[in-house]
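Both ligands and their constituent atoms are indexed starting at 1 by order of listing.
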Amino acid sequence: MEKVKNIAVLTSGGDAPGMNAAIRAVVRACSYYEVECFGVYKGYEGLIHNEMEKLNARSVRNIINKGGTFLKSARSNDFRTEEGRKKAHDNLIKNSIDALIVIGGDGSFTGALKLSEEFNFPVVGIPGTIDNDINGTDYTIGYDTALNTVVEAIDKIRDTASSHNRLFLIEVMGRDAGDIALNAGIGAGAEEILIPEEDMGIDRLIESLRKSKKTGKTSSIIVVAEGDKSGKNIFELGEYVEENLEDYEVRVSVLGHIQRGGAPSCYDRVLASKLGVGAVETLLEGKSQVMIGIVHKQVTIVPLTTALGKRTHKHDRLIKVADITSV
Ligand SMILES: Nc1ncnc2c1ncn2[C@@H]1O[C@H](COP(=O)(O)OP(=O)(O)OP(=O)(O)O)[C@@H](O)[C@H]1O
Ligand SMILES: O=P(O)(O)OC[C@H]1O[C@](O)(CO)[C@@H](O)[C@@H]1O
Ligand SMILES: [Mg+2]
């Protein structure tokens, strides 16, 4: 691979708090290592439509503390097609860009890998998603902030649940991953947690709630991940619980997109800074088709194919902790 002189960076998929901090770190690492940096707007959509501009160290001032992504993000259907990726590649070449950093989730990495394989173009991924659903990294950028947002929201709901002796079902994000539900659920002291990776069974849920009522509980919080396996949406689940559990008034709360916003936590800012610098250094070392992640506090480099593979990370221990601590 020839020496990298011009690097482009984009954010893609659902935005996540800390994406700005990651862009800032990429831009400033480029400045440190004296390579040009281009910011691409609106993820792969912007690449297809040639929406990019040169960034310098001053372009990214005062953004480390801001949620969202100033480069904007998008879900691009066109990039899923070979034709779309060809347009994107043509624009990279037209702007003399010789490597691309993609900050995003699993879908964004899948797209990056395809682009790289089809055109032999160097890419490095930085995991940026609140879902924490990427293999080969302990944390993704935005996850810690989202957890804190969820815990704060559940704490507030607990106040009203307790005042009215009610049972609340609270839906959190996570189509395929229970990380937010499980960790925020434990952190907020939820009685039950439903996640996509584990089918608890509705009858066991009712039984368990009935038991805890008998032990003197007067209100309950059930955290439900979007992709839970009950086969019912959260409102249907709420109705089912109300019909099958005596003496409880049930309410449903969907936390929604507040989980994606807000100022990044210090953890996410530092993580984003480490991974942003690591991504530029990795490209300058001539590596490609890899993700920069964090494992046991160490920045690590793993193939994108590994990042996209089945997660080795298991929830078993946390599920047990949740069971023991929620009685
Ligand atoms: N199979 C694929 N082939 C090509 N491009 C893809 C593919 N999957 C996803 N992409 C591209 O990546 C973009 C982002 O993917 P996706 O919407 O799955 O979000 P993500 O990166 O997984 O983030 P999050 O899950 O946090 O929202 C898609 O809009 C699309 O442009
Ligand atoms: O509203 P959107 O952008 O389609 O995204 C919703 C999805 O994105 C995620 O928040 C990840 O960013 C998922 O947990 C959620 O299912
Ligand atoms: Mg995803």
Legend entry - Value rounded to 0.5 Å, distance of CZ in Arg204 from CG in Asp199: 9.0 Å

Is the closest N or O pair between [X] and ligand 1 shorter than 3.5 Å?
X      : result
Thr129 : yes
Asp106 : yes
Gly107 : yes
Gly104 : no

Under 4.0 Å, heavy atoms only, figure out whether ligand 1 is touched by the backbone of [X], its side chain, both or neither.
X      : answer
Phe79  : both
Thr110 : side chain
Ile130 : neither

Closest heavy-atom pair and its distance - [X], [Y]:
X      : Y      : value
Gln289 : Ser116 : NE2-OG, 2.8 Å
Thr218 : Tyr248 : O-CE2, 3.4 Å
Lys287 : Leu283 : O-CD2, 3.7 Å
Asp228 : Val224 : OD1-CG1, 3.4 Å
Ala112 : Phe79  : N-CE2, 4.4 Å
Asn20  : Gly67  : ND2-O, 3.2 Å

Inset, instruction - In sequence, state the C-alpha distance, the side-chain angles, and the governing distance for Arg85 and Glu83, and then conclude on salt bridge (Lys or Arg N to Asp or Glu O under 4.0 Å). - result: CA-CA 5 Å; Arg85 291 193 295 276; Glu83 199 192 338; over 6 Å; no

Just need the protein heavy atom nearest to [atom], so name the residue and atom and give the distance.
atom                    : answer
atom 31 (O) of ligand 1 : Ser76 O, 2.6 Å
atom 13 (C) of ligand 1 : Ser12 OG, 3.7 Å
atom 7 (C) of ligand 1  : Arg80 NH1, 3.6 Å
atom 3 (N) of ligand 1  : Lys114 NZ, 3.3 Å
atom 19 (O) of ligand 1 : Arg75 NH1, 3.2 Å

Within ligand 1, which atoms have a heavy atom of [X] less than 4.0 Å away?
X      : value
Asp131 : 25 (O)
Gly105 : 20 (P), 21 (O), 22 (O), 23 (O)
Tyr44  : 11 (C), 12 (O), 31 (O)

Legend entry - Protein N, O or S within less than 2.8 Å of the Mg ion (ligand 3), waters excluded: Asp106 OD1

Inset, instruction - Please indicate whether any nitrogen or oxygen in Asp131 is less than 3.5 Å from any nitrogen or oxygen in ligand 2. - result: yes

Basic-acidic side-chain contact under 4.0 Å: [X], [Y]:
X      : Y      : answer
Arg311 : Asp106 : no
Glu152 : Lys156 : yes
Lys114 : Glu82  : no

Inset, instruction - May I ask you to test the Leu113-Val123 pair for a side-chain heavy-atom distance under 4.5 Å? - result: no

Legend entry - Ile97 side chain near Ile7 side chain, heavy-atom distance below 4.5 Å: no

Quick one: which of [options] has a heavy atom closest to [atom]?
atom                    : options               : value
atom 21 (O) of ligand 1 : Gly13, Gly14, Ser108  : Ser108
atom 5 (N) of ligand 1  : Gly84, Gly111, Ala177 : Gly111
atom 1 (O) of ligand 2  : Arg75, His257, Arg175 : His257
atom 4 (C) of ligand 1  : Glu45, Arg85, Arg260  : Arg85

Inset, instruction - With heavy atoms of Gly174 as the reference, note each atom of ligand 2 found under 4.0 Å away. - result: 14 (O)

Inset, instruction - Go through ligand 2 atom by atom and flag the ones less than 4.0 Å from a non-hydrogen atom of Gly14. - result: 12 (O)

May I have the list of side-chain donor-acceptor pairs in residues 318-327 shorter than 3.5 Å, sequence neighbours left out?
unit_1, atom_1, unit_2, atom_2, d
Thr325, OG1, Val321, O, 2.7
Ser326, OG, Glu191, O, 3.4
Ser326, OG, Ala322, O, 2.8

Inset, instruction - Taking Asp144 for its side chain and Asp268 for its backbone only, find out whether a donor-acceptor pair lies under 3.5 Å. - result: no

Legend entry - Under 3.5 Å: donor-acceptor pair, side chain of Arg24, backbone of Arg61: no

